Number of protein chains: 2
Amino acid sequence: MSARGPLNFPYITPIPSCAFYDSVCEIGDYMPNHKIDVSEILANLPLFRQLGQDDIALLVQGSREIRPQKGEFIFQKGDPSHGFYAVVHGQIKLAFPSVQGAEKVVAIIGPGQSFGEAMMFMEKSYPVFAQALTDSLLLHISKQALFTAIEHDNSFARKMLAGLSIRLHGLIHDVEAYSLRSGAQRLVGYLLQNENGQNGQMEFDLPASKQIIASRLNLTPETFSRILHQLTEAGLIQVDGRRITIPDIEALRQYDH
Amino acid sequence: MSARGPLNFPYITPIPSCAFYDSVCEIGDYMPNHKIDVSEILANLPLFRQLGQDDIALLVQGSREIRPQKGEFIFQKGDPSHGFYAVVHGQIKLAFPSVQGAEKVVAIIGPGQSFGEAMMFMEKSYPVFAQALTDSLLLHISKQALFTAIEHDNSFARKMLAGLSIRLHGLIHDVEAYSLRSGAQRLVGYLLQNENGQNGQMEFDLPASKQIIASRLNLTPETFSRILHQLTEAGLIQVDGRRITIPDIEALRQYDH
DNA sequence: CGCCCGCTTGATCGTCATCAAGGGCGGTGG
DNA sequence: CCACCGCCCTTGATGACGATCAAGCGGGCG
């Protein structure tokens, strides 16, 4: 869920994960042995943890690195699927194109998360497009490799079923939010979902620009800004750029307007 | 998709499938050998077709019949999942409860379709409730039985993955519709999705009451009625109770308002 | 320094929900 | 057979939420 956590990939070279730095690096620059890294990266993805050494090896065979720059498209809506993607670092947005440049963000994918799995199991093409929000490093795992992995390890199939189920659950949550919650309620819900068991106070950065978050919540930037302002005036949050402070989580949860 | 098709379960006793008749029948009344029927029903569900005889037998062991009357709840939001449900005949709606009796219909499930699979693979409880729209006959397949079936036949796991993917795709479609389409556009889209390759003319019955359909499209009954009226005045559709006639499919598809 | 971009703030408009009332139909009971 | 009731649907009047249009602010980077 939380796309804003720090990189938890210690096996990646310890160069700062900031997109600014990454943008000046080329494949092989600081990863002469990048094949080995791929194996480790794959093995530590939530989806592939608990997978055998040999299965990982098969997946590595079918995977390749992709290093999109900020703004670059990974695939367009309507493109056919040949596999799926795992984010090593960076940030990817999935969105619908709309008339005249407007678009609706469906998801913001961060490190350790993956996307595009569902489309592999259907004949249909991507219903959304994927675009890098920052310079990123992705792994593309081919449909072929994944299917043989499923064939090999049937506990892996259950893992994927669980993964898709979670995603499905998330979408149902979205549908509920869009259907019967106001903009302010959606925003409050979004802020609180970053809650990590802390009670009382809480502080964090928005994982992306306010425009992107707004779209994710199905709001215009203007409305988003106004709601943030209202919440601030009500003393429920404090905003400093992307930094959000919630002095009283419970109070914010009570908010109903 | 089409929940309004006629029953395609010839192996069910040829008593009219009308809910009115069904409601006066008890288990065993006209199905003394209902265990055999269960096996055939399961084997012909889209999800289970291509499954071996022995796997079906395992599923039968873990399944039981449920005959909810109109209005009866199958499960409530928040209930834990112990398996999933397949609709033999009748109609089930999945919806979110909302304040003061208002509710939002997420899906209308018809014969041959199933629901509740996704929750089996997670620890979470149902995010929606399920209620019978008509007297219905369901099969409940236990989590246990399904998991052993997956264990047994790994092509079955792929089948389930495909099933979940389709559902996921549908939800993404809904999110797109809710996010960036007007009420009229959603309704038009809904009418056209019943399109079965016919071109030119087209005629069919709405699969449920207009209130239910309205909720499915995230509209109030009032707005739904008004849009129907507009489309009628524009000559794009004709409405007679639940019967919808579309004189020119292409013209309706052009509609953009 | 100046531009661009992300964000904010204000004014106005449209879509759709809400509230209210009435019509049509089927089922039930007198 | 008719009257009555409940339910589904329709139609009208009003209002609110949020989008759109327009303008201005402020910071980062060239």
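Within every chain, numbering begins at 1; the chains are lettered A, B, ... in the order of the sequence lines, protein sequences first and strands thereafter. Bear in mind that the values here come from a model prediction, so they are computed numbers and not experimental data.
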Looking just at side-chain N and O atoms, do A:D248 and A:Q201 make a donor-acceptor pair shorter than 3.5 Å? no

Give the rounded distance in Å between these two atoms: [atom1] of [X] and [atom2] of [N].
X	N	atom1	atom2	value
A:Q230	C:dT8	CD	C1'	14 Å
A:D240	C:dT8	CG	P	11 Å
A:F224	C:dG6	CZ	C1'	12 Å
B:R226	C:dA17	CZ	C1'	9 Å

Side chain to side chain donor-acceptor pair (under 3.5 Å) pairs, two or more places apart, involving residues 221-234 of chain B: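 Output for this query lists B:T220-B:T223.
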
Quick one: which protein N/O atoms are closer than 3.5 Å to N/O atoms of nucleotides 12-16 of chain C? Pair and distance per line, please.
unit_1: C:dC16; atom_1: OP1; unit_2: B:G183; atom_2: N; d: 2.7

May I ask you to check whether B:F75 and B:F129 place their ring centres under 6.0 Å from each other? no

Does the gap between the ring centers of A:F115 and A:Y85 come in under 6.0 Å?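 Under 6.0 Å, so yes.
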
Would you call B:D174-B:R181 a salt bridge at under 4.0 Å N-O? no

Hey, is B:R67 close enough to B:E65 for a salt bridge, meaning N to O under 4.0 Å? yes

Assess whether atom NZ of B:K70 is packed by more than 12 heavy atoms of other residues, nucleotides or ligands within 6.0 Å. no

When we call it a touch if two heavy atoms are under 4.0 Å apart, what does A:E222 touch: a base, just sugar-phosphate, or nothing?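 If one applies the 4.0 Å heavy-atom cut-off, A:E222 turns out to touch a base.
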
Just wondering, do B:L138 and B:V88 contact through their side chains at under 4.5 Å, heavy atoms?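 Not in contact.
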
Tell me, please, the opening and closing nucleotides of DNA chain D, 5' to 3', among those with an atom under 4.0 angstrom from a non-hydrogen atom of chain B.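 That gives a stretch of D:dC8 to D:dA13.
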
